[in-house]
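Scroll down for the structure; my scribbles are underneath it.
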Amino acid sequence: MSYTLNLTSSQAGEIISKYHEYSVSHTNNYTLFRAKYKRTVVTIFKTLTLIVQGANTQEVYNEICGLLDMDKAQETNINSSAAVNLSVVGTDEVGTGDFFGPIVVVGAFVPKNKILNLMKLGVKDSKSINDSKIMQLAPRLMKEIKYSALVMDNVKYNYLTKVHNFNMNKIKALLHNNVIYNLLPKISDYDAIIIDGFTNKDKYFDYLKDQEHIITNVQLEEQGESKYISVATASIIARYLFLVNFEKLSEMVGFELPKGAGPKVDLAIIKIIKEQSERYLELVGKTNFKNLEKMKKKDNHLAKS
Ligand code: MN
């Protein structure tokens, strides 16, 4: 009896970081990872196919399904193969859904011979890693691999959106293009450049059309973080730089700023307008988000009544 499953890079990483203490050597060139656990052999091929064989197949397979949250596993069962056979430049951004704090875009280069190590360290989509693990993991990754990062602060963001009418996707496109442009001279022998897909290819290049340097050999991939370890690595470093900058802003404001763009953010906006000024928000927030307009209206209404 054996079980087979097609994995994403992120899922393979999840399994490898969990079972690597049971890993056994293998000589097969098609094999990424093999472990012997509870008298059962767990093999992950470089095509990201998983096979579970041995005495306790059912039990070990169930354990793996629990680890992976199987509903998701079935959904994301799409063209992830070969991702571990390539040396990939991956890019991702953080902060675009947060009223407070900067936008951070990172490009990370993961050569294929480092993929397994990063998986063992627990590299996967940063959205499924908590902040304290990010703080611990990112500095190791930043030593281990070549990367480049751009942090766009709130003053610059507000200037570009107000004075130049840039929208969020245009800003993302510029930052992704520029981190790749900055990273490429530091690396050699890459197979592909993968941008975590936030728009389609035509629009992406349309946003860049007035730029002097445009990197054209890129692919935009939705859910890139779960398909490519390099995109996941970029997302972890970006999240780390975002958290570090966010902490500084909280210190400057004098209280812990909330993340996201929900009701807690609305309250923080009011507090800052009352304690500082509306203009102060330009330093710490993305003032074209709907939160601000909404709170100003509410505040007027309260003042009149
Ligand atoms: Mn992303």
Side-chain angles (χ1 to χ4, degrees), residues 7-14 69 72-73 75-80 83 86 88-110 115 118-119 122-131 133-135 137-138 141-142 145 147-152 157 166-183 192-205 207-208 215 218-246 259-262 286 289:
L7 305 169
T8 66
S9 296
S10 215
Q11 289 168 335
E14 193 106 37
D69 182 1
K72 267 191 193 163
E75 256 175 53
T76 55
N77 240 341
I78 32 163
N79 73 62
S80 56
L86 301 175
V88 174
V89 172
T91 68
D92 200 10
E93 82 277 330
V94 169
T96 54
D98 298 273
F99 177 86
F100 293 111
I103 292 171
V104 183
V105 177
V106 169
F109 175 58
V110 177
I115 291 175
L118 296 193
M119 284 176 165
V123 171
K124 57 183 174 179
D125 181 2
S126 69
K127 289 193 275 301
S128 58
I129 306 179
N130 66 34
D131 287 353
K133 173 96 191 193
I134 295 268
M135 297 310 284
L137 188 53
L141 298 176
M142 291 157 90
I145 55 123
Y147 73 97
S148 111
L150 286 170
V151 179
M152 180 180 280
Y157 173 87
F166 284 13
N167 68 21
M168 183 64 93
N169 277 356
K170 165 122 182 160
I171 288 173
K172 286 186 199 176
L174 295 175
L175 291 171
H176 279 269
N177 181 64
N178 289 347
V179 292
I180 298 164
Y181 179 76
N182 293 340
L183 180 59
I193 302 174
I194 307 289
I195 296 172
D196 185 35
F198 57 89
T199 184
N200 65 42
K201 209 165 176 171
D202 289 344
K203 283 193 187 135
Y204 177 77
F205 286 113
Y207 291 129
L208 294 177
I215 310 298
V218 301
Q219 287 165 247
L220 287 103
E221 283 268 2
E222 274 177 53
Q223 293 173 42
E225 308 97 323
S226 54
K227 291 179 198 160
Y228 294 90
I229 285 296
S230 59
V231 179
T233 303
S235 80
I236 291 167
I237 297 172
R239 178 82 187 158
Y240 170 80
L241 295 173
F242 177 81
L243 292 173
V244 168
N245 277 276
F246 199 90
K259 303 205 175 74
K286 302 179 187 82
F289 274 37

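When a ligand or atom number is given, it counts from 1 through the structure's own listing order. Only a predicted model underlies this, so the values are computations on that prediction, with no experimental measurement involved.
- Between Lys286 and Asp98, none of the side-chain N atoms (NZ, or NE/NH1/NH2) sits under 4.0 Å from a carboxylate O, so this pair counts as no salt bridge.
- Of the angles at the Mn ion (ligand 1), the one spanning OD1 of Asp92 and OE2 of Glu225 is 110° when given to 10°.
- Distance check for Glu93 against the Mn ion (ligand 1): none of its N/O/S atoms falls below 2.8 Å.
- Checking side-chain atoms of Asp92 against main-chain N and O of Val106 turns up no donor-acceptor pair under 3.5 Å.
- With sequence neighbours excluded, no residue forms a ring pair (Phe, Tyr, Trp, His ring centres under 6.0 Å) with Tyr204.
- Applying the side-chain contact (heavy atoms from CB on, under 4.5 Å) test between Pro102 and each of Val151, Val94, Leu150 identifies Val151 as the sole match.
- The name of the N, O or S atom in Asp196 nearest to the Mn ion (ligand 1) is OD2.
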